[in-house]
Amino acid sequence: MKGVAPLSVAFKINTTIPSNERSKIEWEFGYDNESWSSKESPSYTYEKSGTYTVTLSITTKTTGKKYTADPVKITVSDIDASFTASTTSGTAPLEVKFTDTSTGATAWTWNIYKTDGGSRTLQKELTDRNITYTFQNTGTYEVELIAKKDSNTATESKTITVTARATTVPTTVKTTAPTTATTTVSAVKSASLSADDNPIPNPLDIIEELIRLLKVMLVPENYSLA
């Protein structure tokens, strides 16, 4: 088990020895000679960083035999590195917001690597607590957070996968050219004038018309409007 100081740990006995047969219970929490308990289910708070070994022994009533459980390791650190990412995959360009959730850290370093075949190339280093980064190119990236407190550090990393944006094939739209209405205008031919249409009066017609008028004037009853 591991955690960040101050780390409180609750302990519980896991044994086949019946409770009425346990004459003596001894917990040792590994911190110092004073860090022990005789309770069935004790708890202990580790105030400082370090690795501690917890032991448990039980003495039975009937035989007086002492049984010892396998030791348990407790690792306590001053800091714990952790963070969240708004997304871990998407198409380029991919903008990702990284939020620090570390415990005990007072300084932060973000390293953004592009990974390829087991190797990695540093792309960017940032020192803000929370960052936003845009991955412009496709590929697999490793984002590493180094949380710091004094001379102690803790590290956490996540993988970001960036893929190419799907190519959109433009839809071919068949268009029909607008129809040009052609109006055929027949040329107006100049009609040939016949003899009857000749605008120059015939002298004989003039004489006949004069005779007719004289008859009308001289003999009114011969006058006819028809």
Side-chain angles (χ1 to χ4, degrees), residues 1-89 96-113 115 117-120 125 127-131 140-161:
M1 181 179 180
K2 64 180 181 178
V4 179
L7 177 65
S8 294
V9 182
F11 298 95
K12 184 178 180 181
I13 294 176
N14 182 16
T15 180
T16 58
I17 301 173
S19 58
N20 58 359
E21 269 294 307
R22 304 169 192 168
S23 63
K24 187 177 182 180
I25 298 173
E26 295 177 286
W27 291 93
E28 292 185 4
F29 302 118
Y31 186 74
D32 53 33
N33 293 332
E34 301 297 324
S35 61
W36 64 275
S37 176
S38 60
K39 295 180 180 179
E40 288 271 345
S41 302
S43 61
Y44 188 79
T45 300
Y46 295 90
E47 301 288 349
K48 296 180 180 180
S49 62
T51 300
Y52 305 91
T53 301
V54 180
T55 60
L56 167 66
S57 62
I58 299 175
T59 302
T60 61
K61 291 180 180 179
T62 303
T63 64
K65 187 175 181 178
K66 186 176 182 179
Y67 294 88
T68 302
D70 292 334
V72 175
K73 294 288 185 181
I74 306 292
T75 301
V76 183
S77 61
D78 287 335
I79 57 173
D80 175 60
S82 63
F83 66 94
T84 61
S86 59
T87 185
T88 56
S89 63
V96 183
K97 181 179 180 180
F98 299 98
T99 303
D100 169 65
T101 55
S102 302
T103 303
T106 56
W108 303 264
T109 298
W110 299 86
N111 293 319
I112 299 173
Y113 299 96
T115 60
S119 63
R120 60 182 190 174
E125 180 180 298
T127 56
D128 293 332
R129 181 174 183 178
N130 303 307
I131 65 169
T140 302
Y141 297 83
E142 179 184 346
V143 178
E144 176 188 70
L145 169 62
I146 302 174
K148 303 175 183 178
K149 181 180 180 181
D150 300 328
S151 60
N152 298 318
T153 62
T155 304
E156 174 75 0
S157 62
K158 294 184 186 298
T159 299
I160 306 296
T161 304

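As the structure is a prediction and not an experimental result, all values here were calculated from the model.
The environment of CD in E144 is crowded: more than 12 heavy-atom neighbours from other residues, nucleotides or ligands sit within 6.0 Å. Around atom CG of N14, no more than 12 heavy atoms belonging to other residues, nucleotides or ligands sit under 6.0 Å away.
Contact between I25 and K39 at its shortest, heavy atoms only, is CG2-O, 3.7 Å. Between V54 and W27, the shortest heavy-atom contact is CG1-CE3, 4.2 Å. The two residues E125 and T109 have their closest heavy-atom pair at CG-CG2, 3.9 Å. Listed here is the closest heavy atom pair of I58 and R22: CG2-CG, 3.7 Å. Closest heavy-atom contact between S102 and L145: OG-CD2, 3.6 Å. Taking all atoms of both residues into account, the shortest heavy-atom contact from T75 to L7 is O-CD2, 4.3 Å.
Put simply, OH on Y141 and OG1 on T161 are 10.5 Å apart, with the number rounded to the nearest 0.5 Å. Atom OG1 of residue T84 and atom CD of residue E156 lie 11.0 Å apart, to the nearest 0.5 angstrom. Between the OG1 atom of T127 and the NZ atom of K148 there is a distance of 8.5 Å, given to the nearest 0.5 Å. How far CD of E40 is from NZ of K12: 10.5 Å, rounded to the nearest 0.5 Å. Atom NZ of K66 is separated from atom OG of S23 by 10.5 Å, given to the nearest 0.5 angstrom. Here the CD1-NZ distance, from I131 to K97, works out to 11.5 Å after rounding to the nearest 0.5 Å.
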key: Evaluation steps, side-chain hydrogen bond (donor to acceptor under 3.5 Å, both in side chains), between S57 and E26   = CA-CA 5 Å; S57 62; E26 295 177 286; 3.2 Å; yes
ask   = Yes or no on side chain to side chain contact (heavy atoms under 4.5 Å, CB included) for S35 and Y44, after CA distance, side-chain angles and deciding distance?
value = CA-CA 8 Å; S35 61; Y44 188 79; 3.5 Å; yes
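Each of T99, D100, T106 was scored for a side chain to side chain donor-acceptor pair (under 3.5 Å) with R129, with one residue passing: D100. For the side chain to side chain contact (heavy atoms under 4.5 Å, CB included) with Y67, the qualifying choice from T60, T59, L56 is T60, the only one to do so.
Between F83 and W108, the distance separating the two ring centers is not shorter than 6.0 angstrom. Side-chain rings of F11 and F29 approach one another, their centers coming within less than 6.0 Å.
V9 is not listed as a side-chain neighbour of Y52, based on a closest heavy-atom distance of 4.5 Å or more. Within the 4.5 Å cutoff, the side chain of T140 has heavy atoms near those of the T159 side chain.
Judged by distance alone, with hydrogens and angles left aside, the side-chain atoms of K73 form no donor-acceptor pair with the main-chain N or O of T51 at under 3.5 Å.
Classification of the Y46-Y31 ring pair by plane angle, with boundaries at 30° and 60°, yields perpendicular.
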